[in-house]
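Worksheet: one structure, shown below.
Model, not experiment: these values are computed from the prediction.
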Amino acid sequence: MKPLSKFLLKASFIGTFAETMLVPLYTALTNKFGGGILDAGIGYAIFCIATGVFVVAIGSTKWFESNTKSLVFWGFAIAGVCDLAYLLVQNKYEFWLVQLSLGLAVGMLNPAWDALYSEDAGKNESHGKRWSFWTGGINFVTGTSALVGALIVTYWSFNWLFLIMAICDIGAVYYSYKVWRMAN
């Protein structure tokens, strides 16, 4: 596997680990500021819909083609800021704003990451094996991070969770910076 692909995978796995520590805990988080199941569902819907809109809006432009490496970097960086912003959330509206911002980050990141990972495949490399490695890795990371996130909140607090998520994001930003700076 080429160095660019290795950096992309490292950034993806670390960034996914950071973000998916929180996802199964949305309802518990919204309970913290007086919200409930519906507020958590709305928050996740805002994130998913914003991500979809931004993927199409950003990924289908000519500008996107010449900025894919920087979009990977900025997507991970904004996601890290969003993870720290959770520390400041006091109500459902602030939660939804963070979810919208995170949707923007993922919406710029995902099509750029996918484009770079696809383009970096070697001629003799199996595309099925390549994407299976990423998909299997993401599912392993997601399951592990959900358990770790639940343990952190159970034995410490949401504040600790958000700080640990942000620390993980630093790793994703580091590897995505390496991607950005690699020669074309």
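A search for side-chain contact (heavy atoms from CB on, under 4.5 Å) contacts involving Leu116 returns Leu8, Thr68, Lys69, Val72, Glu119, Val179, not counting sequence neighbours. In this structure Asp114 satisfies the salt bridge (Lys or Arg N to Asp or Glu O under 4.0 Å) test with no other residue, sequence neighbours excluded. Taking Ala146 as the reference, Pro24 meet the side-chain contact (heavy atoms from CB on, under 4.5 Å) condition, with sequence neighbours excluded. Evaluation of the ring pair (Phe, Tyr, Trp, His ring centres under 6.0 Å) rule for Tyr93 yields Trp96 as partners, not counting sequence neighbours. When the ring pair (Phe, Tyr, Trp, His ring centres under 6.0 Å) test is applied to Phe17, no partner is found at least two apart in sequence or on another chain. Remark: Trp134 pairs with Ser12 by the side chain to side chain donor-acceptor pair (under 3.5 Å) rule, at least two apart or across chains.
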Using distance only, find each side-chain donor-acceptor pair of residues 163-178 under 3.5 Å and give its atom names and separation, not counting sequence neighbours.
{"from": "Ser176", "atom 1": "OG", "to": "Ala172", "atom 2": "O", "distance (Å)": "3.0"}
{"from": "Ser176", "atom 1": "OG", "to": "Val173", "atom 2": "O", "distance (Å)": "3.0"}
{"from": "Tyr177", "atom 1": "OH", "to": "Arg181", "atom 2": "NE", "distance (Å)": "3.4"}

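Membership of the apolar cluster around Val53 extends to Ile49, as traced through chained side-chain contacts below 4.5 Å between ILVMFWY residues.
Sorted by first then second residue, the salt bridge (charged side-chain N to carboxylate O under 4.0 Å, His left out) pairs that include residues 141-161, not counting sequence neighbours, number zero. Listed by first then second residue, pairs satisfying side-chain hydrogen bond (donor to acceptor under 3.5 Å, both in side chains) with a partner in residues 52-65 number zero, not counting sequence neighbours. Identified under the salt bridge (charged side-chain N to carboxylate O under 4.0 Å, His left out) test for residues 130-142, with sequence neighbours left out: Glu125-Arg130. Sorted by first and then second residue, the side-chain hydrogen bond (donor to acceptor under 3.5 Å, both in side chains) pairs involving residues 19-45 (not counting sequence neighbours) are Thr20-Ser145, Tyr26-Gln99.
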